[in-house]
Colleague: 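There's a structure below that I have some questions on.
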Protein chains: 2
Amino acid sequence: MTNNYYAVIFTSTLSKHTEGYNEMAHKMELLAEQQNGFLGISSARENIGITISYWENEQAIINWKANLDHQLAQKFGKLKWYSSYKVEVALIKRSYNFNNKNLP
Amino acid sequence: MTNNYYAVIFTSTLSKHTEGYNEMAHKMELLAEQQNGFLGISSARENIGITISYWENEQAIINWKANLDHQLAQKFGKLKWYSSYKVEVALIKRSYNFNNKNLP
């Protein structure tokens, strides 16, 4: 399948100062869902955290980055929660899905 | 920073039949690292698993998908381990990093 949507890949390592982090992460996910051009979000955290948000186009990503509440969260993240992170903006060129209907 | 490398985003949900899965996942990671054009890999699993492998170009991704040992792992994955998965091939257009040297 050929596609033309975008993803922001956010890979992060938390510091030891995680007070308030889960609450803010949840709040930001709900806020992202309300933005124009938002398509979806997936995340998992083990040793590192990976969050992938999907967007219709690059302008939607720029708008989300500039959102004032999101900027405040980014500021807290830099000051306190993250010891490091990486942001990658990617164009999805193709994708395919698999579903196994025979397995529980 | 402007970039021109590729990522394969593999998002998966495991079935209840995970015997042998962790061992194969580890083996495939070691095998991927030996391929031409391999740049790195990040993964985390919580409710879902997200694995992102990074590659120099699309040909390296095609070669890795066609690798015989990898094909065998893919077959087991479809038959047994995964209840569903999604594969997305993405061009990384730009990226940036943050490191907080003040936090442990």
Side-chain angles (χ1 to χ4, degrees), chain A residues 1-18 39-54 57-58 61-62 65 74-104, chain B residues 1-18 39-54 57-58 61-62 65 74-104:
Chain A
M1 200 171 92
T2 303
N3 302 91
N4 267 303
Y5 56 95
Y6 285 80
V8 178
I9 305 171
F10 182 74
T11 312
S12 64
T13 307
L14 291 176
S15 74
K16 291 176 176 173
H17 311 283
T18 56
L39 296 175
I41 195 163
S42 298
S43 62
R45 181 172 295 281
E46 221 173 328
N47 298 316
I48 60 165
I50 303 175
T51 296
I52 306 174
S53 59
Y54 295 97
N57 51 54
E58 288 201 80
I61 294 171
I62 291 164
K65 191 180 176 188
Q74 290 170 55
K75 196 170 281 185
F76 274 112
K78 285 190 179 189
L79 281 170
K80 191 174 164 187
W81 294 316
Y82 297 116
S83 57
S84 67
Y85 65 72
K86 179 174 66 172
V87 178
E88 291 164 310
V89 176
L91 169 64
I92 307 294
K93 299 193 74 178
R94 57 184 188 277
S95 71
Y96 49 96
N97 288 279
F98 167 76
N99 268 284
N100 191 335
K101 286 159 191 149
N102 300 317
L103 288 178
Chain B
M1 199 171 94
T2 303
N3 303 91
N4 267 303
Y5 56 96
Y6 285 80
V8 177
I9 305 171
F10 183 75
T11 312
S12 65
T13 306
L14 292 176
S15 74
K16 290 175 177 175
H17 312 283
T18 56
L39 296 174
I41 195 162
S42 299
S43 62
R45 180 171 295 280
E46 221 173 329
N47 298 315
I48 59 166
I50 303 175
T51 296
I52 306 174
S53 58
Y54 294 97
N57 50 54
E58 288 201 81
I61 293 171
I62 291 164
K65 191 180 176 187
Q74 290 170 55
K75 195 169 280 187
F76 273 113
K78 285 190 179 189
L79 281 171
K80 191 174 164 188
W81 293 317
Y82 296 116
S83 58
S84 66
Y85 65 71
K86 179 175 66 172
V87 178
E88 291 164 310
V89 176
L91 169 65
I92 307 294
K93 299 192 73 177
R94 57 183 188 278
S95 70
Y96 49 96
N97 288 279
F98 168 76
N99 268 284
N100 191 336
K101 286 161 191 147
N102 300 317
L103 288 179

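Remember, it's a predicted structure, so these values are computed and weren't measured experimentally. Numbered from 1 within each chain, the chains take letters A, B, ... in sequence-line order.
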Colleague: Do you know which of B:Val89, B:Ile52, B:Ile48 has the most heavy-atom pairs under 4.5 Å to chain A?
Modeller: B:Val89

Colleague: If you compare all heavy atoms of A:Ser12 against all heavy atoms of A:Arg45, which two are closest, and at what distance to 0.1 Å?
Modeller: OG-NH2, 2.9 Å

Colleague: Examine whether an atom of B:Ser43 lies under 4.5 Å from a heavy atom of chain A, and if so say whether it belongs to the side chain, the backbone or both; otherwise answer neither.
Modeller: backbone

Colleague: If we define contacts as heavy-atom pairs under 4.5 Å, which of B:Thr13, B:Ile9, B:Thr11 has the most with chain A?
Modeller: B:Ile9

Colleague: Need one label for A:Phe10: side chain, backbone, both or neither, based on atoms under 4.5 Å from any heavy atom in chain B.
Modeller: neither

Colleague: Can a side-chain donor-acceptor contact be found between A:Gln74 and A:Tyr85 if the only test is distance below 3.5 angstrom?
Modeller: no

Colleague: Within a 6.0 Å radius of atom CZ on A:Phe76, are there more than 12 heavy atoms belonging to other residues, nucleotides or ligands?
Modeller: no

Colleague: Any salt bridge between B:Glu58 and A:Lys93, counting N to O under 4.0 Å?
Modeller: yes

Colleague: What part of A:Asn47 is in contact with chain B, defined as an atom under 4.5 angstrom from a non-hydrogen atom: side chain, backbone, both or neither?
Modeller: neither

Colleague: Can you see which heavy atom on A:Ala90 is nearest to which on B:Ile92, and at what distance?
Modeller: CB-CD1, 3.8 Å

